[in-house]
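I have placed the structure first, in the form of structure tokens, so that the comments after it can refer back to it.
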Amino acid sequence: MSSLQPVRGTHDILPDDFRLQKSVADCAAEIAGRYGFKEITPPVFEFTEVFARTLGDTSDIVTKEMYTFEDRGGDSITLRPEFTAGIARAFMSNGLAQEIPCKFFCRGPVFRHERPQKGRLRQFHQVDVEIIGVPGPLADIEVIAVGAHFLETLGVLGDAVLQLNTLGDTESRLAYREKLIGYLEGHKGDLSEDSLARLQKNPLRIFDSKDHGDQAVMADAPLLGDHLNDHSNEFFTHVRDGLDALGIAYEINSRLVRGLDYYCHTAFEFVTDTLGAQGAVLAGGRYDGLMEQMGGRAMPGIGWAAGVERLSMMVGEAPAAPNLIVVIPLGDVAEREGLKVTQQLRHAGLVVEMGYSGNMKKRINRANKAGAGAVVIIGEDELTKGVATVRNMETGEQTEIALDALVDHLAAYR
RNA sequence: GUGGCUGUAGCUCAGUUGGUUAGAGCAUCGGCUUGUGGUGCCGAGGGUCGGGGGUUCAAAUCCCCUCAGCCACCCCA
């Protein structure tokens with residue numbers, strides 16, 4: 001269509017939506033801050049390798065879902081599709097292994113070349129927390145707790161269910177994977193085409209399939225939970241005890257899986273049925289194998305990410321805009337005084353605009369539509385008396401206030 | 001990337017079997033009101049009917065292509 005149209009899957013965030021989305025991200029930052037997470041921000045783009053190496057082969061993700069391009073130096077660059085890989089890279093680049101445990105909070109735009117749907121855009125925004133350097137389950141408990149706390153504060157926790165699963169440690173997973181593939185080989189005829197493709201590269205994902213034939217096969221498939229070694233079982237029990245102690249409700253979902261090899265132990269998703277078929281609103285897990293896969297030294301990590309647009313849709317209503325005062329000067333001389341008053345009030349911490357176009361009626365009308373709590377009128381009458389007329393926009397009541405008492409008087413409208 | 005549904009004014013939507021100059025509500029602007037908003041009355045502006053091509057005497061309406069949105073799938077790092 002016309003070039004005035006934004007690129008597919010992008011859109012402009014206008015004031016009401018912006019205020020809502022900012023309040024959601026600010027809420028996450030504030031809650032995470034209470035848990036000791038420090039906000040950092042990695043670059044919006046990285047060398048493609050940073051993301052590609054975490055994903056291994058030429059999966060759909062690499063070939064189909066990433067915004068990748070070549071810069072002028074010939075390097076392959078990718079717009080970040082998530083925060084974790086960039087944070088892990090930053091952790092290694094800056095030698096932060098000295099400072100573990102590291103607890104980071106991030107927010108900002110991420111990019112995925114997907115078919116857009118409501119709340120699922122090609123440029124969207126995430127909030128993200130990560131704990132790096134803690135191998136034990138206390139980190140898992142804390143990461144889930146901060147997520148639950150965040151959703152609770154937003155007022156959407158009641159519309160979501162925490163689903164929890166364990167992927168076990170590497171030993172358990174590898175042994176189980178063999179067993180699962182063995183089982184699936186025996187049922188090849190009943191699997192969907194998609195799942196046949198998944199069989200070698202990502203067999204765990206078949207648990208997620210929406211195909212009825214697949215689901216029938218998987219109903220009798222061996223479960224990871226039955227193949228955990230002692231260490232993995234203890235770890236999971238520890239996590240669950242911690243959640244129980246905190247009163248965080250969850251349900252075990254043994255179909256909740258992560259396909260990539262660096263994941264282990266805890267996997268979780270807060271799932272809702274209020275946003276269509278894509279139910280997860282906040283999802284994360286433990287990725288002890290990630291750094292090693294990226295070429296660094298082994299370093300445990302766990303975190304989650306949540307989509308700001310989707311959370312905003314659940315919240316629905318934007319918080320009220322700050323109270324506004326509008327100064328209306330009438331005439332050239334008053335305009336000079338109006339400028340001074342406006343600036344004074346701003347320095348005093350009030351949100352003030354000057355209504356400078358049109359006649360009185362139009363200006364008052366505009367102030368009203370902008371949501372002004374009070375209007376300060378300065379005309380010739382007022383000037384000769386050294387006062388301003390303050391109109392309370394809710395009651396319509398007007399009072400004359402001495403110019404040097406304006407700041408104090410208007411403090412009530414803050 | 002695959003499939004389905006939908007695109008008419010800033011927004012929400014009418015528009016008959018293809019037939020004059022494409023309508024309404026809300027919003028915007030102007031007036032009733034020369035320094036006073038919300039309700040009221042009067043009036044005005046605003047449309048490449050998503051875009052391109054085709055069929056036809058005639059297309060918002062039928063056909064093809066394309067773009068976008070929505071829904072589901074793939075994917076979900």
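Residue numbers begin at 1 in each chain, while the letters A, B, ... track the order of the sequences. Every heavy atom of this structure was used, including side-chain atoms; hydrogens, water molecules and symmetry mates were not.
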Over how many whole Å does the gap from A:Glu114 atom CD to B:C70 atom P extend?
13 Å
Sugar-phosphate, base or nothing in reach of A:Tyr262, heavy atoms under 4.0 Å:
sugar-phosphate
Is there a side-chain polar atom (N or O) of A:Arg115 under 4.0 Å from OP1 or OP2 of B:G69?
no
State, yes or no, whether a side-chain contact exists between A:Ser195 and A:Met218 at a heavy-atom distance under 4.5 Å.
no
Please name the nucleotide paired to B:A68 by Watson-Crick or G-U wobble geometry with both distances under 3.5 Å, or report none.
B:U6
Using both distances under 3.5 Å as the test, list the Watson-Crick or G-U wobble partner of B:A44, or none.
B:U28
What integer number of Å spans the P atoms of B:C70 and B:U17?
32 Å
Measure from CZ on A:Arg363 to C1' on B:U34 and round the result to the nearest Å.
13 Å
Side-chain donor/acceptor contact of A:Lys64 with base of B:C74 under 3.5 Å:
yes
Distance check, C1' atoms only: B:C75 and B:G52, in whole angstrom units.
33 Å
Using whole Å, what does the distance between atom C1' of nucleotide B:G37 and atom CE of A:Met360 come to?
10 Å
Using a 4.0 Å heavy-atom cut-off across all strands, classify A:Gly276 as base, sugar-phosphate, or nothing.
sugar-phosphate
Over all heavy atoms of both residues, which pair between A:Tyr262 and A:Gln293 is shortest? Give the atoms and the distance, please.
CD2-OE1, 3.8 Å
When the P atoms of B:U6 and B:C64 are compared, how many Å lie between them, rounded to an integer?
14 Å
Give a yes/no answer on whether the side chain of A:Arg366 brings an N or O atom under 4.0 Å of OP1 or OP2 in B:G37.
no
At under 4.0 Å between heavy atoms, what does A:Gly371 touch on the DNA or RNA strands: base, sugar-phosphate, or nothing?
nothing
Find the distance A:His113:NE2 to B:C76:P and express it as a whole number of Å.
16 Å
Distance col, row A:Leu275:CG vs A:Arg310:CZ, nearest 0.5 angstrom, shows 5.0 Å
Would you mind reading off the distance between A:Glu65 atom CD and B:G1 atom P, rounded to a whole angstrom?
10 Å
NZ or CZ of A:Arg240 within 45° of A:Phe236 ring axis and under 6.0 Å
yes
Tell me the partner of B:C73, counting only Watson-Crick (N1-N3 plus N6-O4 or O6-N4) or G-U wobble (N1-O2 and O6-N3) with both under 3.5 Å; none if nothing fits.
B:G1
Counting the atoms with a prime plus P, OP1 and OP2 as sugar-phosphate, which does A:Gln117 contact under 4.0 Å by heavy atoms, base, sugar-phosphate, or nothing?
base
Check whether any side-chain nitrogen or oxygen of A:Lys210 sits under 4.0 Å from OP1 or OP2 of B:C73, and answer yes or no.
yes
State whether a side-chain donor-acceptor pair under 3.5 Å links A:Gln123 with A:Tyr67.
no
From CZ of A:Arg122 across to P of B:C76 the rounded distance in Å is 17 Å
Euclidean distance for C1', B:A22 against B:U8 (whole angstrom):
8 Å
Quick one: label A:Arg391 by what it contacts on the DNA or RNA (base, sugar-phosphate, nothing), any heavy atom closer than 4.0 Å.
base
Would you call A:Arg107 and A:Asp26 a salt bridge, taking side-chain N to carboxylate O under 4.0 Å as the test?
yes
Using the C1' atom as the point on both nucleotides, what is the distance between B:G43 and B:C5, in whole Å?
41 Å
Who does B:G23 pair with, Watson-Crick or G-U, both distances under 3.5 Å?
B:C13
Using only side-chain N and O atoms of A:Arg112, determine if any of them is under 4.0 Å from OP1 or OP2 of B:C74.
no
Using a cut-off of 4.0 Å on non-hydrogen atoms, how would the nucleic acid contact of A:Arg120 be classed: base, sugar-phosphate, or nothing?
base
Of A:Arg198 and A:Leu121, the one whose closest nucleotide on RNA chain B sits nearer the 5' end is A:Leu121
With heavy atoms under 4.0 Å as the rule, sort A:Asp381 into base, sugar-phosphate or nothing.
base
What nucleic acid atoms does A:Glu269 come within less than 4.0 Å of, heavy atoms only: base, sugar-phosphate, or nothing?
nothing
Using a 4.0 Å heavy-atom cut-off across all strands, classify A:Ile328 as base, sugar-phosphate, or nothing.
nothing
What interatomic distance, in whole Å, is found between P of B:G15 and the corresponding atom of B:G7?
11 Å
Under 3.5 Å on both distances, the Watson-Crick or G-U partner of B:U33
none
Between B:G69, B:U36, B:C75, which one does the side chain of A:Gln278 approach most closely?
B:C75
Pair A:Gln398-A:Thr389, side-chain donor/acceptor within less than 3.5 Å:
no
Does the plane of the ring in A:His265 sit parallel, tilted or perpendicular to the ring in A:His231? Use 30° and 60° as the thresholds.
perpendicular
Does A:Glu382 reach a base, just sugar-phosphate, or nothing at all? Heavy atoms under 4.0 Å.
base
In whole angstroms, the gap separating P of B:G37 from CD1 of A:Ile325 amounts to 20 Å
Taking for each residue the nucleotide of RNA chain B bearing the nearest heavy atom, is the 5' side occupied by A:Gly119 or by A:Val257?
A:Gly119
Going by atom types only, do A:Asp159 and A:Thr274 share a side-chain donor-acceptor pair under 3.5 Å?
no
If I pick the P atom on B:C63 and the same atom on B:C71, what distance separates them, to the nearest angstrom?
26 Å
G-U wobble or Watson-Crick pairing nucleotide for B:U39 (cut-off 3.5 Å, both distances):
none
A:Met393 CE to B:U39 P, in whole Å, measures 12 Å
Taking N and O atoms by type only, does the side chain of A:Asn368 place a donor or acceptor under 3.5 Å from a partner on the base of B:G37?
yes
Looking for any heavy atom pair under 4.0 Å, which part of the strands does A:Tyr263 touch: base, sugar-phosphate only, or nothing?
sugar-phosphate
With rounding to the closest Å, how many angstrom separate the P atoms on B:A60 and B:G51?
11 Å
Which of these nucleotides, B:C71, B:C74, B:G35, is closest to any side-chain atom of A:Lys118?
B:C71
